[in-house]
Structure formats: structure tokens, C-alpha cells
Amino acid sequence: MDRAMTVSITAGNRQGSGADLIGRGGAQRDAAGGLGPRLRLDLPVTRLSAYFLPTVKEAPADAEAVSHRLMVRAGLVRQLGAGMWSFLPAGWRVHRRVEQIVREEIDRIGGQELLLPLLQPAELWRRSGRYGIDELFKLEDRRGADLVLAMTHEEALTSHVANEVRSYRDLPLILYHFQLKERDEPRPRAGVLRTREFVMKDSYSFDRDLEGLDASYEKHVSAYDAIFDRCGLEWYRVESDVGAMGGFGAHEYMAPCAAGENEVALSSAGYAANVEVASAEPRPVADLPEPLAAPEPVDTPGATTVEQVAGMLEVPHGALVKAMPTITESGEAVLVLLRGDHRLNEIKLHNALGEPARPARVAEVAERFGSVPGFIGPVGARTRVLADEALRGLRGLVSGAGEADRHLRGVEPGRDFDAEWVDVRTVEAGDRCPAGAEIRLEPAIEVGNIFKLGTRYSEPLGATYLDESGTEHPVWMGSYGIGPARIMAAAVEQYADERGISWPRSIAPFDVELVRLGGADEEAARVADDLYGELRDLGLDVAYDDREIRPGEKFADAELLGCPLRVTIGRRGVEAGEAELQVRRGRESANVALAGAAEEVLERWRRLP
RNA sequence: CGGGGCGUAGCUCAGCCUGGUUAGAGCGCCGCGUUUGGGACGCGGAGGUUCGCCGGUUCGAAUCCGGCCGCCCCGACCA
């Protein structure tokens with residue numbers, strides 16, 4: 001009863017402030033030259049005695065990723081099924097704060113927020129040619145009409161633009177929404193990192209021509225840079241594969257962390273690319289054998305692997321020519337050559353060939369390549385030959401002789417065989433970026449992507465406009481995604497320590513966790529109640545731990561939840577006229593005078609990362 | 001889709017191989033008391049449709065066999 005009254009009075013006092021999205025806190029944030037306004041999420045009930053924040057000591061046994069474990073333990077999220085996650089109140093606060101940062105930055109570049117349906121007619125997807133995608137959830141209504149659950153919203157929005165946009169005067173446009181995406185993922189994993197249903201901010205730009213698209217793209221680059229900065233993440237914008245859909249350019253925003261499913265190639269000179277597309281100068285081969293005047297056969301009985309051949313001939317792996325017989329999707333036989341110590345990058349090969357390819361089967365090696373698996377080589381090859389750039393200019397190489405149990409040494413590209421030079425190898429740590437700096441590889445989460453679509457959707461869906469001369473043109477489009485839940489998970493991964501989460505200030509569920517020690521009937525409780533009100537009046541969102549539990553539990557929960565600042569009020573401090581402040585990141589603490597403590601807390605909060 | 005693993009109390013797990021009485025532990029939860037600046041202690045208590053589901057073997061199944069479902073991890077695949 002007492003509690004209920006407190007809650008309702010609090011709500012009454014704060015009436016109207018819940019809708020104050022920016023408020024004084026935001027103005028102060030700007031004045032501090034910090035991260036700009038963050039979403040004010042003042043709610044009547046932020047007393048933990050009445051808040052749904054189920055923390056647990058032990059993470060589910062099957063949780064491996066740090067973010068997965070901590071987000072569950074801290075009471076932010078709960079799993080409903082494979083790849084299906086619920087956000088609990090504190091977790092949803094973080095999500096909303098991320099959303100608000102995204103919203104402000106997309107608005108700033110002229111984006112207009114709207115909302116498109118998740119449930120859509122299959123017909124649209126048939127027209128765009130995406131109905132066949134395996135990840136697309138397909139269903140039927142009671143009348144038997146085919147429907148889909150959207151995995152992105154190009155079709156829906158392009159179809160509206162096709163209906164409404166007629167003239168060059170109607171362009172350009174940037175439209176966006178926050179909406180669920182549904183994907184029948186073959187393998188959901190790592191908590192909130194890869195799920196079958198998730199909220200995405202997706203924006204779409206519509207321009208008259210490629211120049212317009214380039215401008216919209218650049219606007220998104222600036223907005224995205226600002227978003228990830230404001231969210232407090234360590235991030236890289238990397239070149240990415242334009243994918244099978246074609247396209248005119250694409251970048252991914254990657255947040256490095258252990259649970260990342262992608263790998264990015266980075267250098268101190270600023271090079272950043274997804275390994276899927278990264279290019280770099282390989283390390284030279286040490287101790288290449290002496291060149292020979294002509295290739296010379298050598299017996300290599302049973303040696304079919306790089307390892308075996310290099311060992312038998314006592315040459316470095318890099319002295320070998322790795323020849324990979326492949327068959328393209330259209331059925332062409334192509335021999336792909338790599339340096340022996342390198343690995344093929346299938347995406348780069350796909351891009352070089354203009355179509356997917358697969359390894360040749362044993363029978364095909366004989367029939368199409370006229371050779372023997374394990375002993376195939378480029379000298380005398382009767383198919384098209386692609387050679388990786390890393391082989392260019394090397395001499396004294398060893399390659400398969402094209403017959404069983406035999407290799408050739410002294411092989412030289414150009415002299416002994418001709419090839420088309422391509423870049424199809426996977427970069428590795430220690431390579432050199434174009435500026436000469438050493439490449440390192442890091443796992444990372446993709447938290448956003450930007451993509452120049454061109455007319456991939458406007459053409460099939462009929463989104464056209466008339467220019468000044470009355471000529472019809474397809475609209476040029478770009479698409480731009482951000483996953484707020486992945487930003488959350490990335491922040492958890494990047495800043496967690498052995499005690500729990502440590503949120504960046506801008507996206508923390510609460511700005512401050514106020515810990516009251518001792519019972520509700522003690523002096524400390526009255527002091528804490530007062531401070532709670534003062535902090536809220538100053539514009540801070542406060543989680544007030546007024547629960548009747550032991551101090552150890554409160555501290556452990558506070559450090560698990562990871563609010564940037566913790567304020568402790570206990571009998572000891574009250575008697576000394578002090579409150580204890582602890583900065584979550586680094587866990588440094590200091591005592592401040594109770595008089596003026598609220599202002600001091602605000603001051604310190606402003607200076608946090 | 002291939003490989004591996006798991007499914008017993010809210011959570012973490014034991015029991016299963018070697019079938020046999022009322023299916024256990026720790027944590028958590030509820031009550032009382034002592035405590036109260038880092039997950040405290042004591043006493044009492046609730047909680048499992050009987051062990052994911054279905055079927056089979058058996059006098060008897062959490063335990064053995066088969067099928068199915070769910071979940072996790074690795075790989076493939078992929079926003």
C-alpha cells in the first residue's frame with residue numbers, strides 16, 4: 001500500500017515529463033559537448049522493488065557469447081524459442097535509446113519516418129524476383145492467398161513510390177522505418193546476435209540518377225558515422241561485397257568483438273574491409289628455389305597435398321602452385337591457381353568469374369581437365385586458367401605435372417603457361433595494405449550496412465519518373481539498415497568486464513543506479529528517497545534500488561546491469577554526510593558531500609564516456 | 001543441410017552405463033528469527049502432471065530400443 005502510494009505520487013509529480021524526449025538532460029548533454037541528446041525515458045516506476053528486472057546468478061548453460069550470457073543474467077532479455085527473443089523492460093529501454101539516436105540522425109539528413117507492414121502479398125516478391133529466397137517466411141491466409149513475412153522492405157516501399165512518384169520534382173526522397181524483420185535463419189545463434197525476428201531501422205533513398213544516389217549514400221555515411229559514435233561503440237566502416245544482387249557499392253559498419261561472425265581486415269594506415277572482399281599485398285616467399293631454364297619433371301609418389309609435396313621436395317609451401325580445378329555455374333571448366341600457402345576466397349572468385357563456381361569432381365578432373373586430382377598443373381592446361389596476382393613474377397615454382405605421382409619444378413608463369421591475372425586469395429594477417437601497413441584480422445559484428453541498389457527494384461516494380469524533357473527513367477535507389485539489438489549486444493561485448501555490463505552513457509538502461517542500504521525505516525532511506533527525487537528533477541533517469549536485500553546483492557546486481565554511475569546511500573555515509581559514487585567502467589569510486597550531491601552526480605555523469 | 005551434444009524442480013546439475021520401494025543436491029522461492037557497506041546464518045515450508053512427446057521391450061522403465069519434437073555448439077549457408 002505504502003509502495004503503491006509512493007508510485008502514484010511519483011507519477012503525479014512527473015506528469016507530462018514522460019513525453020519530454022529531449023528535456024533538460026539533452027540540453028545539458030549538448031552544452032557539455034558530449035554525445036548530444038539521448039532519449040529521456042522517465043517512467044513512474046523505476047524503484048527496483050517494483051520493477052520487472054529478473055537477474056540471475058547463473059547464465060543458461062548453453063549460452064556462450066558474453067553478450068548472450070550477460071543480457072540474460074542482467075534481466076534485459078529472455079528467449080522464447082530458437083532465434084526468438086523478448087526484450088524485458090530494462091532491455092527495451094536500451095533498445096529505445098538506440099532507436100532514438102538512430103531516429104535523430106536519420107531525421108537530420110532529411111529522412112522521413114513511416115511504417116510499412118510486415119505481412120505482405122507474395123505477388124510483390126514474385127515481381128522483384130525474391131520470392132524464391134529460402135530465408136523468406138511464406139504463408140497462406142484462409143482464402144488461400146499467398147503471403148510473406150518481410151525480411152526487408154524494398155518491395156513494399158518501392159511499390160508505393162512507384163504509385164505516387166511521377167515527376168523529377170518528387171525526388172529525391174529518404175524514407176525509413178523501424179520494423180520487425182522475419183527471416184527463416186538456417187542457424188540462429190549467440191542470443192540476440194542472429195535471430196529469426198528482429199527490429200531493423202531500414203531507410204531507402206530514391207533519386208533521379210546515379211549522382212543523386214551517390215549524394216544520398218554520402219548522407220547516410222555521415223549519419224551512420226554519427227550514430228555509431230553516439231552509441232559509444234568502437235566501429236569500422238568497411239568495404240563489403242555487393243552480393244549476388246549486384247549493386248554499385250556497399251559498406252558495412254562493423255563493431256569488433258569476440259562474438260562477431262564476420263572477420264574484418266584492418267591496418268593502422270586506415271585500411272578496413274570485410275575479409276570477403278579485402279585485398280592486400282602478400283608477404284613474399286622466403287627461400288624460393290633457384291629458377292631453371294625450363295620446367296623439369298620430378299617424381300613425387302603419392303604426394304597430393306601442398307604439405308606432402310613441399311616436404312618431399314624440401315621447398316616452402318609458397319613455392320608451390322596450388323591448382324584448383326573448378327566448374328562454373330554455367331558449366332565452364334576453369335583452373336584456378338594460388339600460391340601454395342594461400343587460401344581461395346570464394347566470394348572474390350565469384351566476382352572475378354561473374355558467376356558462382358564449385359570444385360570439380362574427381363571424374364571431371366579427368367574428363368574436363370585431362371589430369372589427375374592432386375597432380376594437376378597449369379603447364380599444358382587445356383582449359384581457361386585464372387592465376388592469383390600473388391603468383392605474378394615468381395620463378396622456380398613447383399606445380400603438378402598433369403600426371404600421377406609427378407610434379408614440375410622451375411615453373412614460371414608467363415614463360416611456361418599463360419593465365420588471366422586476378423585477385424582471388426583470402427588476405428591474411430601480416431599482409432600489407434595498399435598504404436604499406438600491416439594487416440590484422442579481427443572478428444566483428446555487422447551492426448549496419450549501406451548499399452547502392454541502383455535500379456534493381458525500381459525496374460521490376462515500375463518505379464519511374466519523368467524528367468524535365470518528359471522522358472521516363474527508373475528511380476535510383478539505395479538501402480540502409482541498422483540493427484539496434486546488435487548495437488546493444490556489441491556494446492555489451494566491447495565493454496563488459498568480469499562483473500557484468502558497462503554501458504556507454506548514451507544507451508544505458510538508466511543513467512544512474514541509486515543504491516539504498518538498510519531498511520525503509522532508516523534515516524538513510526529518507527536521504528536516498530530525497531536524492532532520488534532530486535536526480536530525477538535534474539533530468540537523470542534513475543534506477544532506485546530500494547529492495548530489502550543484502551548490500552552485496554545490490555552491488556552485484558548494479559554491476560551486472562552496468563549503469564554508468566552508481567550512487568550508494570548507507571548509514572555509514574549518511575552519518576559522515578557523504579554519498580559514495582562509483583563509475584562503472586573502471587570501478588573507481590569517490591565520496592561526495594550529501595549537500596549538493598545531486599548536482600555533483602550530474603556533473604560527473606556528463607563527463608562519462 | 002552435414003557433424004556433435006543436450007532435454008530430470010524457476011536456474012545449474014546428479015541419478016541412466018549395471019531397469020527394482022517415497023526421484024535427489026546446490027542455488028532460487030515462501031514463512032519466522034538473528035543479521036545488514038560486497039550474493040550471511042538458523043529453523044520451518046512449497047515446488048517434479050513421475051524425468052520433452054509417442055510407441056516398444058519387460059513382472060517392473062527417468063534408466064534399454066525406435067520414432068518424433070525442442071534447444072545448443074561446430075561447419076555449410078546467409079542478413
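We use all heavy atoms of the structure for the numbers below, so side chains are in, but hydrogens, waters and symmetry mates are not. Here is how names work: the chains are called A, B, and so on, in the same order as the sequence lines, proteins then strands, and each is numbered from 1.
- Under the 4.0 Å criterion applied to side-chain N and carboxylate O atoms, Arg584(A) and Asp497(A) are assigned as salt-bridge partners.
- Heavy atoms of Glu559(A) sit under 4.0 angstrom from at least one base atom.
- A donor-acceptor contact under 3.5 angstrom links the side-chain atoms of Arg566(A) to the base of rG38(B).
- Which of rC73(B), rG39(B), rU36(B) sits closest to the side chain of Glu553(A) comes down to rG39(B).
- Using a 4.0 Å heavy-atom cutoff across all strands shown, Arg499(A) reaches at least one base atom of the nucleic acid.
- Nearest-nucleotide positions on RNA chain B for Glu580(A) and Glu135(A) put Glu580(A) closer to the 5' end.
- Protein atom CG of Leu560(A) is 16 Å distant from nucleotide atom P of rG39(B), rounded to whole Å.
- Rounded to whole angstrom, the span from the CD atom of Glu522(A) across to the P atom of rG37(B) amounts to 10 Å.
- Straight-line distance between the P atoms of rG15(B) and rC6(B): roughly 12 Å, to the nearest whole Å.
- Relative orientation of the Tyr532(A) and Tyr544(A) rings is tilted, given thresholds of 30° and 60° on the angle between their planes.
- If you take atom C1' in rU50(B) and the same atom in rA23(B), they sit 8 Å apart, rounded to whole Å.
- Side-chain atoms of Asp229(A) and Trp235(A) include a donor-acceptor pair closer than 3.5 Å.
- Using a 4.0 Å heavy-atom cutoff across all strands shown, Asp134(A) reaches no nucleic acid atom at all.
- Across the P atoms, rG66(B) and rA40(B) are found 46 Å apart, a figure rounded to whole Å.
- rU12(B) and rC1(B) have their C1' atoms separated by 32 Å, given to the nearest Å.
- Ring geometry for Tyr51(A) against Phe510(A) counts as perpendicular: the plane angle is over 60°, on a 0 to 90° scale with 30° as the lower cut.
- The cationic atom of Lys181(A) (NZ for Lys, CZ for Arg) does not lie both less than 6.0 Å from the six-membered ring centre of Phe198(A) and within 45° of the ring axis.
- The separation of rG33(B) from rC71(B), taken at their P atoms, amounts to 46 Å, rounded to a whole angstrom.
- Ala82(A) comes within 4.0 angstrom of the backbone, heavy atoms only, and of no base.
- Residue-level contact check: Gly573(A) touches the bases, meaning some heavy atom is under 4.0 Å from a base atom.
- Atoms CZ (Arg571(A)) and P (rU36(B)) sit 7 Å apart, rounded to a whole Å.
- Residue Ala190(A) is classed as a sugar-phosphate contact, given heavy-atom separations below 4.0 Å to backbone atoms only.
- For the pair His68(A) NE2 and rC11(B) P, the computed distance is 13 Å after rounding to whole Å.
- Separating the P atom of rG7(B) from that of rA14(B) is a span of 7 Å, rounded to the nearest Å.
- Between Lys554(A) and Gly518(A), it is Gly518(A) whose nearest contact on RNA chain B lies nearer the 5' terminus.
- A salt bridge is absent between Lys201(A) and Glu99(A); no separation between the charged side-chain nitrogens and carboxylate oxygens falls under 4.0 Å.
- Separating the CZ atom of Arg547(A) from the C1' atom of rG28(B) is a distance of 14 Å, rounded to the nearest angstrom.
- For Arg550(A), whose side chain is taken as the heavy atoms from C-beta onward, the closest listed nucleotide among rG39(B), rC73(B), rG38(B) is rG39(B).
- The nearest whole Å value for the distance from the CZ atom in Arg78(A) to the P atom in rC71(B) is 18 Å.
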